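First comes the structure, then the notes that go with it.
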Number of protein chains: 2
Amino acid sequence: MNTLSYGLLALLARNNSSGYDLMLKIQPFWQAKHSQIYPLLSRMEEQHLLSAEWIQQTDKPDKKIYAITPLGEQRLKEWMQLPAGEPVSRDELVLKAFCLWTTDRENAISLFGTRSIYYQERIHYFEQAIHKMPEEVRQFGTRDFGLYILRQKGLATAKANLEWTTWVIDMLKNSTTESSSQPQHQ
Amino acid sequence: MNTLSYGLLALLARNNSSGYDLMLKIQPFWQAKHSQIYPLLSRMEEQHLLSAEWIQQTDKPDKKIYAITPLGEQRLKEWMQLPAGEPVSRDELVLKAFCLWTTDRENAISLFGTRSIYYQERIHYFEQAIHKMPEEVRQFGTRDFGLYILRQKGLATAKANLEWTTWVIDMLKNSTTESSSQPQHQ
DNA sequence: GGACCCATGTAAAGGGTTACATGATTTC
DNA sequence: GAAATCATGTAACCCTTTACATGGGTCC
């Protein structure tokens with residue numbers, strides 16, 4: 001049982017879903033391809049953590065709907081008592097920054113400009129997603145409270161990072177003149 | 001040539017280092033174990049991207065100091081022209097949040113409390129690291145400008161996330177009373 | 001005496017991505 | 001006519017972690 005398995009269990013504890021659905025739901029928070037999710041779900045079914053049912057569809061391909069079993073719920077509860085591991089982040093731009101001094105200003109601006117657009121899109125996505133949630137989920141105990149705080153986390157992180165890219169681009173643009181600047185946090 | 005290889009090249013373009021040093025330097029920005037770094041460096045040496053020299057030491061074990069070759073510098077420049085891939089983050093706490101409603105308030109507070117300490121430690125680390133840097137590095141073109149902006153990124157992200165954990169814990173503590181709250185960003 | 005730091009490496013196992021494979025319906 | 005969406009799966013490869021392996025010096 002790896003971490004992704006528990007994530008799938010956690011999503012299935014909220015709603016029965018197909019593998020395809022799970023892939024889409026988990027995307028904004030944990031990158032995983034369908035080729036990783038489908039075999040995992042099969043194995044979890046074999047281990048009786050999940051039950052499955054094929055649903056016939058006429059206009060779309062048939063789909064396999066998974067549901068969490070009592071055993072699955074038990075394992076999930078045990079996992080929830082364990083402290084969470086430290087977050088891992090891998091960002092190519094971070095490694096490129098290590099040798100930013102070897103490249104020209106134009107290229108540097110282009111690298112951070114592209115990333116800036118990425119953060120703007122993420123902000124837009126999370127703002128929309130939060131906007132569509134009903135008021136009730138803002139209270140602990142509701143089924144979607146977790147999703148609500150995760151979207152707030154995604155939004156806050158994207159905003160902080162967008163501010164950072166803006167600050168960097170500003171420094172890069174002013175790098176020939178004698179101006180100096182400090183990051184404008186808060 | 002994978003992304004980590006370029007990261008090692010980028011660090012070596014700044015300073016000749018041993019594998020052990022590289023492991024420590026890259027840690028705060030890209031998690032990689034020595035068992036991954038040592039074989040990578042060997043392969044890069046075979047491909048003539050790096051040159052190496054053994055340094056005898058009396059009180060400590062001998063070490064192998066790597067330096068980037070002209071071919072390595074060329075590859076690094078080519079890579080710098082390519083746009084950076086999207087960042088990937090994997091955080092177990094995020095998956096636990098999906099099923100926060102299945103656990104009790106105490107356990108939820110403990111999960112976010114532990115994470116809160118993690119962010120506080122990161123803030124402290126980055127603040128110290130930035131404090132120790134000379135003023136000159138705050139200008140594009142200096143060799144350590146990249147490291148400076150990365151530390152500012154790490155600091156900004158950790159601060160935003162600490163604020164988020166504080167906000168969540170506050171909501172969790174007030175979850176039995178009728179109070180409601182909104183995230184206090186900015 | 002035990003734990004930690006320095007320093008390098010290999011081997012095995014597990015996690016994750018890319019590519020292969022199929023096929024109907026809808027949208028531009 | 002091409003691309004995207006829905007929907008599932010397998011195989012090969014690469015990336016990453018964990019464990020094995022060694023050994024002196026320092027700190028408590």
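Worth saying up front: this structure is predicted, and the values here are computed from it rather than measured. Chain identifiers are assigned alphabetically (A, B, ...) following the order of the sequence lines, protein sequences preceding nucleic acid strands; residue numbering begins at 1 within each chain.
Checking D:dT8, C:dG16, D:dC6 against the side-chain heavy atoms of A:Leu24 singles out D:dC6 as nearest. Side-chain proximity of A:Ser35 to C:dA7, D:dT17, D:dA11: nearest is D:dA11.
In this structure, B:Lys96 is positioned above the aromatic face of A:Trp79, its NZ or CZ under 6.0 Å from the six-membered ring centre and within 45° of the axis.
Checked against the 6.0 Å centroid threshold, B:Phe112 and B:Trp164 count as a close aromatic pair. Taking the ring centroids of B:Phe29 and A:Phe98, they lie under the 6.0 Å cut-off.
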After noting the C-alpha distance and the side-chain angles of A:Glu46 and A:Ser42, does the key distance pass the side-chain hydrogen bond (donor to acceptor under 3.5 Å, both in side chains) rule?
CA-CA 6 Å; A:Glu46 278 172 35; A:Ser42 290; over 6 Å; no

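For the pair A:Arg90 and D:dT16, the criterion of a side-chain N or O lying under 4.0 Å from OP1 or OP2 is met. A sub-4.0 Å separation between OP1 or OP2 of D:dC15 and a side-chain N or O of B:Gln36 is absent. Within the 4.0 Å cut-off from OP1 or OP2 of D:dA7, not a single side-chain nitrogen or oxygen of A:Lys64 is found. Contact annotation: B:Tyr38 reaches the phosphate of C:dT8 (side-chain N/O to OP1 or OP2, under 4.0 Å). Between B:Gln57 and the phosphate of C:dA7, there is a side-chain N or O to OP1/OP2 separation shorter than 4.0 Å. The side chain of A:Lys60 places no N or O atom within less than 4.0 Å of a non-bridging phosphate oxygen (OP1 or OP2) of D:dT5.
Axis angle across the helix from C:dG1-D:dC28 to C:dC28-D:dG1, with five pairs used at each end and values rounded to 10°: 50°.
The backbone N or O of A:Leu172 lies less than 3.5 Å from a partner atom in the side chain of A:Arg105, making a donor-acceptor pair.
DNA chain D is contacted by both A:His34 and A:Pro61; A:Pro61 maps to the nucleotide lying nearer its 5′ end (nearest heavy atom per residue).
Salt-bridge formation is not detected for the pair A:Glu92/A:Arg115: no Lys NZ or Arg NE/NH1/NH2 atom is positioned less than 4.0 Å from an Asp or Glu carboxylate oxygen.
If you check distances only, the side chain of A:Ser18 never reaches the base of D:dT8 with a donor-acceptor pair under 3.5 Å.
Interatomic distance, B:Glu53 CD to B:Ile55 CD1, rounded to the nearest 0.5 Å: 4.5 Å.
If you check every strand for non-hydrogen atoms under 4.0 Å, B:Lys33 touches a base.
Atom CD of A:Glu92 is separated from atom C1' of D:dC15 by 14 Å (rounded to the nearest Å).
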